[in-house]
Amino acid sequence: MVLLKNIRRGDDYIEADYYVEGESPCGHIRVRLSDGECIQLTFAPGHEYSTAPSHAYGRLLELAEMDTLPEESRVYWY
């Protein structure tokens with residue numbers, strides 16, 4: 001599970017802090033909306049080989065389609 005918080009959208013990007021399994025400290029991800037490229041990624045310490053950033057990336061692309069962003073969003077996978 002990954003929890004996205006502090007979700008923000010700019011002119012051509014969407015970004016969020018992400019928490020693996022809800023733990024601190026967090027990582028950070030920013031995605032450029034014009035081409036879907038991840039332009040900034042700071043791994044959550046201790047989770048450098050986790051799949052959490054890819055799940056956060058996918059959710060950010062989904063959230064970018066919304067008119068109003070939620071305060072936080074969770075992603076679950078098996």
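Everything numeric in this text was worked out from a predicted model, so none of it was measured.
- Applying the ring pair (Phe, Tyr, Trp, His ring centres under 6.0 Å) criterion to His55, with sequence neighbours excluded, gives Trp77.
- Ile7 and Leu41 end up in the same hydrophobic cluster when Ile, Leu, Val, Met, Phe, Trp and Tyr side chains are linked at under 4.5 Å.
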Can you give each donor-acceptor pair under 3.5 Å made by side-chain atoms of residues 11-26, sequence neighbours left out, with the distance rounded to 0.1 Å?
from  : atom 1 : to    : atom 2 : distance (Å)
Asp12 : OD1    : Ser34 : N      : 2.8
Asp12 : OD2    : Ser34 : OG     : 3.0
Glu15 : OE1    : His28 : NE2    : 2.9
Glu15 : OE1    : Arg30 : NE     : 3.0
Glu15 : OE1    : Arg30 : NH2    : 3.0
Glu15 : OE2    : Arg8  : NE     : 3.2
Glu15 : OE2    : Arg30 : NH2    : 3.4
Asp17 : OD1    : His28 : ND1    : 2.8
Asp17 : OD2    : Asn6  : ND2    : 2.7
Tyr18 : OH     : Ala44 : N      : 3.2
Glu21 : OE2    : Met1  : N      : 2.9
Glu23 : OE1    : His47 : NE2    : 3.4

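- Under the 4.5 Å side-chain contact rule for hydrophobic residues, Phe43 and Leu3 do not share a cluster.
- In plain terms, the two heavy atoms of Pro53 and Ile29 that are nearest each other are O-CD1, 3.7 Å.
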Acceptor/donor pairs from residues 64-73 side chains to any protein atom, 3.5 angstrom cut, sequence neighbours excluded:
from  : atom 1 : to    : atom 2 : distance (Å)
Ser73 : OG     : Arg59 : NH1    : 2.9

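- Arg9 contributes atom CZ, which lies 8.0 Å from atom CG of Leu33 (distance to the nearest 0.5 angstrom).
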